[in-house]
Asker: 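Let me begin by handing over the structure; questions about it come next.
A, B, ... follow the sequence lines: proteins, then strands. Residue 1 opens every chain.
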Amino acid sequence: MSDNETRDSGHAQESYKNTHPSLINAVTQGHEPSQDRFYRIYKPLIRVRGAKKGLSPDEIETLVQNVMDSFFRGAKNFKYDPTKRFKHYFYRVINNHICNILREKMEKNKRFSAEPVDDKHPDDREPLDGTIEEEWTQYLYQTAFNEIKGRVPSVTYQVFLLLLQHLPPKEIAEKLGIALSSFYNHKKAAMNEYKKILSELQEGF
Amino acid sequence: MAEQKHFTYAELDAFLHGDLPVLKRLRCQLHLHGCPQCQGLLQHVEEDNRLLEDGLMRSLDAYKKENDAKT
Ligand SMILES: [Zn+2]
């Protein structure tokens, strides 16, 4: 198998249950704003995975590009299947690309030679371990946090930010010049939006 | 008997954090005893607080710690 074929092996040709069906459907149809959103949302997850597997910053950037490239190009053949989980599929695509990067590195060092990993058919039998589940949850919390800024009024966002800095309600209300009862209304609005984003991200997982 | 007004999400959250004025807090306590609807809403508020404190706050703190360790 040539290097190009190895690199191309990440096409998302299987049908897997997805993240948010509407986003995936739009990505599969080549809708550019959805591809931008997909890139923005999933890039941090790929980076975390790469860092945890010991890749260098340059290798992590290569990993992001390879995963996105294979997903976008393969997305044309992607069919939504409610019986399968996108999360598991996506993790395996990432892991397979990590293996390819590590394998190439080892080959350069002439210490290792093996067949490249093929992520056209990621192995469904192997369960994802607890570490990955935890990592995924952390990723969801943080991505939802990053998304909320543009979706709530400025004061509501400030309330949310200060809450996350462990400031007590009275201090936050004073700092922002609002009544304590107003603080609780803003907190409710922020939590509602936060949960809405979380459920959008989790839909189908 | 006069119909009692239910408490709002924000009021119940303030109640949980000890931020209701004394009289309102006492009324809220009494009301909660006999109102399944407000009890349900209180549970909902508690769940949201857990999501915020045990979920998001912990996750962001861990992320910060990880980043601080790297720099
Ligand atoms: Zn009630």
Asker: To the nearest 0.5 angstrom, please state how far the OG atom of A:S181 sits from the CG atom of B:L20.
Answerer: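 Reported to 0.5 Å precision, the distance equals 10.0 Å.
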Asker: Assess whether side chain to side chain contact (heavy atoms under 4.5 Å, CB included) is satisfied between B:N49 and A:K187, documenting all intermediate values.
Answerer: CA-CA 10 Å; B:N49 280 318; A:K187 181 185 167 192; 2.6 Å; yes
Asker: Tell me, do A:M191 and B:E47 make a side-chain contact under 4.5 Å, heavy atoms counted?
Answerer: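 No, too far: nothing below the 4.5 Å cut-off.
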Asker: What parts of residues 149-166 of chain A touch chain B if we use heavy atoms and a cut-off under 4.5 Å?
Answerer: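 The list, in residue order, reads A:F160, A:L163, A:L164, A:H166.
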Asker: Just verifying a value: how many Å separate B:L56 CG and A:L140 CG, rounded to the nearest 0.5 Å?
Answerer: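 The CG atom of B:L56 sits 11.5 Å away from the CG atom of A:L140.
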Asker: Quick one, A:Y184 and B:T8 - any side-chain contact, counting heavy atoms below 4.5 Å?
Answerer: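 A side-chain contact under 4.5 Å is absent here.
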Asker: Taking every non-hydrogen pair under 4.5 Å, which of A:K188, A:H186, A:K170 racks up the most with chain B?
Answerer: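 If we count pairs closer than 4.5 Å to chain B, A:K188 comes out on top.
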Asker: Would B:D48 and A:K195 pass as an ion pair if we require N to O under 4.0 Å?
Answerer: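 Here B:D48 pairs with A:K195 in a salt bridge, since their nearest N and O are under 4.0 Å apart.
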Asker: Show your working on side chain to side chain contact (heavy atoms under 4.5 Å, CB included) between A:Y194 and B:L51 and close with a plain yes or no.
Answerer: CA-CA 10 Å; A:Y194 184 71; B:L51 171 68; 4.2 Å; yes
Asker: With the side chain counted from C-beta on, respond yes when A:Y141 and B:L60 share a heavy-atom pair under 4.5 Å apart, and no when they do not.
Answerer: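 Not in contact.
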Asker: Going from OH on A:Y139 to OG on B:S59, what distance comes out if it is rounded to the nearest 0.5 angstrom?
Answerer: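 Rounded to the nearest 0.5 Å, the OH-OG separation comes to 12.5 Å.
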